[in-house]
There are 2 protein chains.
Amino acid sequence: MKVPRPVIKRMPVYYRCLERLKNEGVKYVSSQKLARRLHLKDSQIRKDLSHFGKFGKRGVGYEVESLLNDITKILGLHKQWKVIVIGAGNIGKAIARFRALEKNNFKVVAVFDTDKRKIGTELLPGLKILDMASLRDFVGREGADLAILAVPASSAQAVANDLQKAGIRGILCFAPVTLNCAIPVEYVDITAFLKTLAYSVLTEKYNV
Amino acid sequence: MKVPRPVIKRMPVYYRCLERLKNEGVKYVSSQKLARRLHLKDSQIRKDLSHFGKFGKRGVGYEVESLLNDITKILGLHKQWKVIVIGAGNIGKAIARFRALEKNNFKVVAVFDTDKRKIGTELLPGLKILDMASLRDFVGREGADLAILAVPASSAQAVANDLQKAGIRGILCFAPVTLNCAIPVEYVDITAFLKTLAYSVLTEKYNV
DNA sequence: AATATGTTGTGAAAGCTTTAACGAAAAACG
DNA sequence: CGTTTTTCGTTAAAGCTTTCACAACATATT
Ligand SMILES: NC(=O)c1ccc[n+]([C@@H]2O[C@H](COP(=O)([O-])OP(=O)(O)OC[C@H]3O[C@@H](n4cnc5c(N)ncnc54)[C@H](O)[C@@H]3O)[C@@H](O)[C@H]2O)c1
Ligand SMILES: NC(=O)c1ccc[n+]([C@@H]2O[C@H](COP(=O)([O-])OP(=O)(O)OC[C@H]3O[C@@H](n4cnc5c(N)ncnc54)[C@H](O)[C@@H]3O)[C@@H](O)[C@H]2O)c1
């Protein structure tokens, strides 16, 4: 039975909130307390979790650490995902250097570019920028599951095609385009977020 | 009458597709052709646009350039938005250097940080990193509408409070937290996108 | 042991969004 | 000039998601 996409999009939000609670030393949390922190309805949280099983204890709530483990499994974060970054420009470098990814079990194993001046330079100890020409070999040899696409919009579709051929199974796309792909794609169009934000500011009602 | 959020989230997608068509020299486009490019239903595009007015011509479609102008107005992109970036780290610098923002009428007017070693250094010609202590003065004096929040999660809420007090009207938040704010906030939690992507890869059905 | 309080999981209702269907308009064509 | 083709804007239906409401269970209290 298919889980609705809005539910899937909220799971990482629960995850990060539980992680925080765990660090704060909180042992148990109710759907109501979670809801207050996340500006959601408690019934929504319970319904969301019910898609995957029963994790709570009536009268008590959810054990923070065990629910966190359950969500980790649900999202598939108990095994490490190997990630490659395509495009060692502004955004590609920022992400490759972002160490918190590893805490979430996403490991950046390589960065690729076509720019001869960049190829061979070291972004982090042990993380050299590789030639796009070696993409297919690399993925075949070292294995990689996901790709973060940080190239100009004009080359995004071509690169996406290469990624699929190389055996990549999912793409996180920063370029402002809609890709034609047979594998899952998530889009992070930052200018689109700003536009949505601009609209919200313009139409905002006086609230809270 | 309130426009549904899913509609607002699609408007920037229409925008970027029309921009592309304009560059390709296309003069007219039908909802069907747009739908095919964007993997949507034509009826959805027509319905979405109908929330804002009548932009098409029966039997013909939409005039690319004029629809682009209309969407520009709808999203409030005909006037320039002054944007400040908070946190001159990996992601903050990448965004401050991202020139395409200006084409969309978002102008990064300042970058702020608390790190004494960074303050005063120049990120781009004419774009110095300023001291957080001068935030309120700056916003009061120069004016700024939106803030891009690129500080560690641990300080995000405190900074958000400062931003509101300074008069900022909307926040684009890269930190993996849910903020308590009275102004509009959009979240860009990159690890959350990766988690959603991981889930999709795991549960993918063999398709297309 | 009985009562009070708290909280989950879930079925049903309400609310919202997408899709289908079609009349009305615009252009193209013979 | 009437007919055909195309495509919009809109109403209504279908489909999906959120919220409500409550029985069932868990613990604490007296
Ligand atoms: N920088 C940002 O803050 C930002 C924000 C939102 C979106 N984006 C988007 O992210 C993408 C990258 O932006 P950026 O600012 O990092 O650009 P950039 O120009 O700094 O970097 C792009 C990199 O991709 C490389 N490249 C180009 N074609 C390639 C190919 N076919 N294969 C492999 N590598 C290739 C270039 O050599 C360059 O190093 C763009 O699509 C942009 O619209 C960037
Ligand atoms: N780098 C990435 O690719 C990436 C991806 C996803 C999310 N994020 C998130 O974005 C945020 C920033 O990430 P980063 O990698 O750029 O971190 P970073 O450590 O490189 O940069 C953070 C910057 O914020 C500054 N800072 C700290 N406290 C501040 C305060 N109170 N006021 C003003 N400035 C302050 C620091 O001096 C530093 O320059 C984090 O919340 C992170 O989780 C980053």
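When each of C/dT7, C/dC22, C/dA12 is scored by its nearest atom to the side-chain atoms of A/S30, the top-ranked nucleotide is C/dT7. Among the nucleotides D/dT17, D/dA21, D/dT18, the one closest to any side-chain atom of A/P4 is D/dT17.
Between the NZ atom of B/K33 and the C1' atom of D/dT6 there is a distance of 10 Å, given to the nearest Å. Rounding to whole angstrom units, OH of residue B/Y62 and P of D/dG9 are separated by 4 Å. Between B/D42 atom CG and C/dA21 atom P the separation is 12 Å, expressed in whole Å. With rounding to whole Å, B/K41 atom NZ is found 20 Å from D/dA13 atom P. B/K54 places its NZ atom 4 Å from the P atom of D/dT10, with the value rounded to the nearest Å. Straight-line distance from the CD atom of A/Q44 to the P atom of D/dT18: 5 Å, rounded to whole Å. As rounded to whole Å, 13 Å separates atom C1' of D/dC8 from atom CG of B/L34. Distance B/F52 CZ to D/dC8 P: 17 Å, rounded to the nearest Å.
At a threshold of 4.0 angstrom between heavy atoms, the contacts of B/S43 include nucleobase atoms, whether or not backbone atoms are also involved.
Panel note: side chain B/Y187, backbone B/L179; a donor-acceptor pair is recorded below 3.5 Å.
Side chain to side chain, A/N69 and A/H78 fail the donor-acceptor criterion of an N or O pair below 3.5 Å.
Ranked by how close their nearest DNA chain D nucleotide is to the 5' end, A/R5 and A/V60 are led by A/R5. The residue among A/K57 and A/K2 whose nearest nucleotide of DNA chain D lies closer to the 5′ end is A/K2.
Note on A/D189 versus B/R16: salt bridge recorded, some NZ/NE/NH1/NH2 to OD/OE distance being below 4.0 Å.
A/V60 and A/Y28 make their closest contact through CG1-CD2, 3.5 Å (heavy atoms, listed as atom of the first residue, atom of the second, distance).
Two residues are said to be in side-chain contact when any heavy atoms from C-beta on lie closer than 4.5 Å; A/I171 and A/I183 meet this criterion.
Between B/R10 and C/dT18 there is a side-chain polar atom (N or O) within less than 4.0 angstrom of OP1 or OP2.
Side-chain to base pairing of A/R58 with C/dT8: one donor and one acceptor N or O lie within less than 3.5 Å of each other.
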